[in-house]
Amino acid sequence: MEWALAELLKNPETMTAARREFDDKFPKCHVIKESDLAYLPYLCACVKETLRLHPPAPLLLPRRAATDCHVMGYTVPKAAHVFVNVWAIGRDPRYWEDALSFKPERFLVGGSERDVDYKGSHFEFLPFGSGRRICSGLPMAVRKVQLAVATLVHGFDWSLPAGMAAEELEMDERYGVTLMKLNPLVVIPTPRV
Ligand code: HEM
């Protein structure tokens, strides 16, 4: 959620587009419910784009090779620990157009990645992993994050601390088991409803 808000603030045209989507479909005093998410494809694409650039588990969970195997010309010996760097895959320009830019529309109808979902069968996008150890909380996690981001975006105007321009907002990462912002996001909310 922190990364999503940071990206929306850093790319104000995406915040405006997400807002417009709400305002076109719901009255200002509307309290967003889970069932409303079906009408907010742009907001859902913002969450997807956030998870592409900032996967909370950047190396998934470690795997251990059950047998010697050969993958793309490399030999992986039996019992080797294997880490899948989904952070790097999500930013790889071989798989993503304009890979480092925050462009939610790539996941929408007409976008280059419109059919990519969370289920682990599109190997260029694996924020929840893949295969038999895929995140078992996936359906709940996606809905809850979408709902929380939607509520924050719809419910408040967000501004940066005095004098800070959107382009100055740093996106440095603290690398670890989970991928966090190096410096926590500082923003000023003003209720809209
Ligand atoms: C945005 C939120 C979340 C993200 C990005 C996420 C991501 C992940 C990832 C990448 C894995 C490892 C998958 C793999 O190595 O293939 C995982 C495993 C797991 N996650 Fe999540 N997760 C999230 C939320 C949740 C929630 C809310 C729950 C529980 C309600 C949950 C339960 C689990 C469990 C139990 C596993 C281990 C599955 C296994 O090893 O069989 N996760 N998650």
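In each ligand, atom 1 is the first atom listed, and ligand 1 is the first ligand listed.
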Atoms of ligand 1 close to [X] [distance to a heavy atom under 4.0 angstrom, numbered from 1]:
| X | result |
| --- | --- |
| L60 | 10 (C), 15 (O) |
| P127 | 5 (C), 7 (C), 10 (C) |
| S130 | 16 (O) |

Determine whether W3 and L53 make a side-chain contact, defined as any pair of heavy atoms from C-beta on separated by less than 4.5 Å.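 W3 vs L53: side chains apart.
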Can you find a heavy atom in the side chain of R63 that is under 4.5 Å from one in the side chain of V76?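 Not touching, per the 4.5 Å side-chain cut-off.
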Contacts under 3.5 angstrom, residues 112-128 side chains, donor-acceptor by atom type, not counting sequence neighbours:
unit_1: D117; atom_1: OD1; unit_2: K119; atom_2: N; d: 2.9
unit_1: H122; atom_1: ND1; unit_2: D117; atom_2: N; d: 3.2

When you measure from atom 30 (C) of ligand 1 to each heavy atom in Q146, R132, M140, which option holds the nearest one?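 Minimum heavy-atom distance to atom 30 (C) of ligand 1 goes to M140.
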Determine, considering heavy atoms only, which of M1, R133, K144, R63 sits nearest to atom 41 (O) of ligand 1.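 Looking at heavy atoms only, the winner is R133.
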Residues, nucleotides or ligands: over 12 heavy atoms within 6.0 Å of K25 NZ: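 Yes, the 6.0 Å shell around NZ holds more than 12 heavy atoms from other groups.
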Apply side-chain hydrogen bond (donor to acceptor under 3.5 Å, both in side chains) to R143 and list each qualifying residue two or more places apart in sequence or on a separate chain.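 R143: side-chain hydrogen bond (donor to acceptor under 3.5 Å, both in side chains) contacts with E34.
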Taking side-chain hydrogen bond (donor to acceptor under 3.5 Å, both in side chains) as the definition, give me every residue that meets it alongside D98, ordered by chain and number, with sequence neighbours left out.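 Once residues adjacent in sequence are excluded, the partners of D98 under the side-chain hydrogen bond (donor to acceptor under 3.5 Å, both in side chains) criterion are S101, K103.
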Where is the nearest protein heavy atom to atom 37 (C) of ligand 1: which residue, which atom, and how far?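 The closest heavy atom on the protein side is L61 CD1, 4.3 Å.
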What's within reach of atom 21 (Fe) of ligand 1, meaning protein N/O/S atoms under 2.8 Å?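 The answer is C135 SG.
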Flag, side chain of R19 to backbone of V153, donor-acceptor distance under 3.5 Å: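 Indeed, once roles are kept as given, a pair shorter than 3.5 Å links the two residues.
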Closer than 3.5 angstrom, by distance alone: can the side chain of N85 be matched with the main-chain N or O of A88 as a donor-acceptor pair?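 Side chain of N85 to backbone of A88, a donor-acceptor pair under 3.5 Å: yes, one is there.
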Taking all atoms of both residues into account, what is the closest heavy-atom pair of L185 and A6, and its distance?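 Minimum heavy-atom separation between L185 and A6: CD2-N, 3.8 Å.
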